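First the structure, in the form of structure tokens, and then the observations on it.
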Number of protein chains: 2
Amino acid sequence: MTNIHDIARLSGYSVSTVSRVINHQKYVADDKRAKVEKIMHDLDYVPNRVARDLSKGQTKTIGVVLPYANHPYFARVIDGIVMAAFEAGYKITLLPTNYDMTIERQYLDQLRSKAYDGLIFTSRSSQLETLERYRKYGQIVCCEDPGADRPLAAAYTDRLDSFVSALTWAKQHGYQKMGVVLSRNNVISASTRITRQAYEQVYGHLADRDLFTGAVKYEDGYRAGAYFAQLDPAEDAIFANGDDIAAGVQQYYTDHGLEPIPVIGQENLLSSRLLKFSTIDHHLEALGQAAFRLATGQSTTHKLIKSEFIKR
Amino acid sequence: MTNIHDIARLSGYSVSTVSRVINHQKYVADDKRAKVEKIMHDLDYVPNRVARDLSKGQTKTIGVVLPYANHPYFARVIDGIVMAAFEAGYKITLLPTNYDMTIERQYLDQLRSKAYDGLIFTSRSSQLETLERYRKYGQIVCCEDPGADRPLAAAYTDRLDSFVSALTWAKQHGYQKMGVVLSRNNVISASTRITRQAYEQVYGHLADRDLFTGAVKYEDGYRAGAYFAQLDPAEDAIFANGDDIAAGVQQYYTDHGLEPIPVIGQENLLSSRLLKFSTIDHHLEALGQAAFRLATGQSTTHKLIKSEFIKR
DNA sequence: GGTTGACCTGGGACCGGTTTCATAAATTAT
DNA sequence: ATAATTTATGAAACCGGTCCCAGGTCAACC
């Protein structure tokens, strides 16, 4: 494998000069530049990326921490990140965690080992304090509101706003008894926290009977549907943590010859369009894009993405 | 930033010894090993990943070349790749091309620059010959059948088989006039080529009027529906290159008060389950997993994934 | 004519690891 | 008791670049 020293030797110039040619720097005589370029071309030479990264101390790579790759929520966020990264000449590495804190820690240590310039946490299990501790090793971006006093960069959607409008709309629509489907029922999950908060504002205390947790995909929604269908008194409508999950809920009712229950989903996926139920579009591509910008920028700022309630 | 030399100096031993401790090699006295480990722990030392990669000449990273990240087909393949990579301790970098050959070439050159150990082409615009030329710089895997005489590693689904069974089933079902929706109508696209081939086997020559091209997502399918709806004589059914596209076709009919046209989709996505139409499941996670194995393995083999026709 | 500053070039330290090789001590085999 | 291994350790080359700095040329300006 030919390297920069070979090019230097063959051209008769120094490694420094060849490096200048490679990087299109000035202060190289035209004839020498031409000769070096010819030799590089003849030998089909490509500079070693890893050596450059080591020398420069940066990899132009951002790691994206996410529970699982195949989920429409994260797919949309990734899409935004990847597009922004492509334009900026950065590379994106996918770091699946399955919500395992130990694995998240490994990725943080990889940040310390200079494997990435920055890390985007699209979701997390670790405490925010943990992330902050690693802040000095590279830019860290989280995709939720960490609170004003936190030094973490963050890109997030105004969930509370849109949740409240959606629930308010539902209440005005005559849905008095509202069931809720969530994924992780813990305080780490911003989505869970904010859903409960919004529910409290509009409907008051969220009773256990009105809540189904552990829902991540369609099948879970279907199970949620089975749960809600047997409740007495029945729910008037269901607010779910994703369109596919909402679709599952509704599908259970239809499959079992019941009156299809009104549902409100999230993400404005195809399922909500096909089944024509209301949803909240969080503009996740914009979220991903903003997260990437924060990951490469130096500022520790917060970026709020407006979400949109789509009535159907 | 503390490095291996600092650890060596502080411990009083050589860099070699420290390196041995880091890599859990034998031939280090127990007491020295303990002392070095203590110092590393006290200083919170993490070896620099890039330096190791440079020295070892490998990055434990596989690049995944794909047209766009946010597409259910590629999302499923990526999912399989990422899971397999995670288990093997590899990292996955996403390389979007938007079907631009120039960009594909850039990724191939990044392979030459040792940025990745291997490259998986989930789809491509470049010629197979081009990929083969870069074969000597790292493992290259393509996700289609490159033909027996090709030296490329490949993981692919038996499209022809499943397409023929699906079309045969449709014909026996009484659908005499069958429309087809495709994405890229060129010879590079294996999917396009094989669809035409299967159609020819079952229905004979594929007339231009029975073909709609340029479909990638739901909206395109909707447009395809608009096209087919105005045909006279009308089509009996539509074979589409994806469930979401098939859903779009059918939705156009429903939205416009027409009798919903029977469709056959691909990928067994949620849309085909909600709208209850037949589909072909290509087992894309298995495909991605196989592709990853080939990318890290040394063998230049072909791996066939069985696909499955799901009648609904 | 001397100073200034832009232009050009190469030497070599540096990024932070891995690995080969030489050397020596401690075991084991003969 | 000696030869043959095995174990333990460090020096230094190597991976392949970047970049600081010193030194030299040459035209412009006062």
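These numbers come from a predicted model, not from an experiment.
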Closest to the A:N3 side chain, choosing from D:dT9, C:dT9, D:dG17: D:dG17
Length of the line joining B:Q58:CD and C:dT18:C1', which is rounded to integer Å: 12 Å
Between B:L54 (CG) and C:dG17 (P), how many Å, whole number? 12 Å
Need one value for B:V28: base, sugar-phosphate or nothing, where a base atom within 4.0 Å counts as base even if backbone is also close, heavy atoms only. sugar-phosphate
Value in whole Å for how far the P atom of D:dT18 lies from CD1 of A:I4: 5 Å
Let me know the distance between NZ of A:K60 and P of D:dT18, rounded to the nearest Å. 13 Å
To the nearest angstrom, the NZ-P distance between B:K32 and D:dT9 comes to 4 Å
Considering only heavy atoms and no angle criterion, is a donor-acceptor pair shorter than 3.5 Å present between the side chain of B:R49 and the base of C:dG16? no
Using only side-chain N and O atoms of B:S14, determine if any of them is under 4.0 Å from OP1 or OP2 of D:dT9. no
Hey, is the side chain of A:S55 pairing donor to acceptor with the base of D:dG16 inside 3.5 Å? no
Look at all strands and tell whether B:D53 reaches a base, only sugar-phosphate, or nothing, counting heavy atoms closer than 4.0 Å. nothing
With a 3.5 Å cut-off and just heavy-atom distances, do the side chain of B:S16 and the base of D:dA11 make a donor-acceptor pair? yes
Partners of B:K38 by salt bridge (charged side-chain N to carboxylate O under 4.0 Å, His left out), sequence neighbours excluded? B:D42
Counting the atoms with a prime plus P, OP1 and OP2 as sugar-phosphate, which does A:K114 contact under 4.0 Å by heavy atoms, base, sugar-phosphate, or nothing? nothing
Ignoring backbone atoms, establish whether B:Y45 has a side-chain N or O less than 4.0 Å from OP1 or OP2 of C:dG17. yes
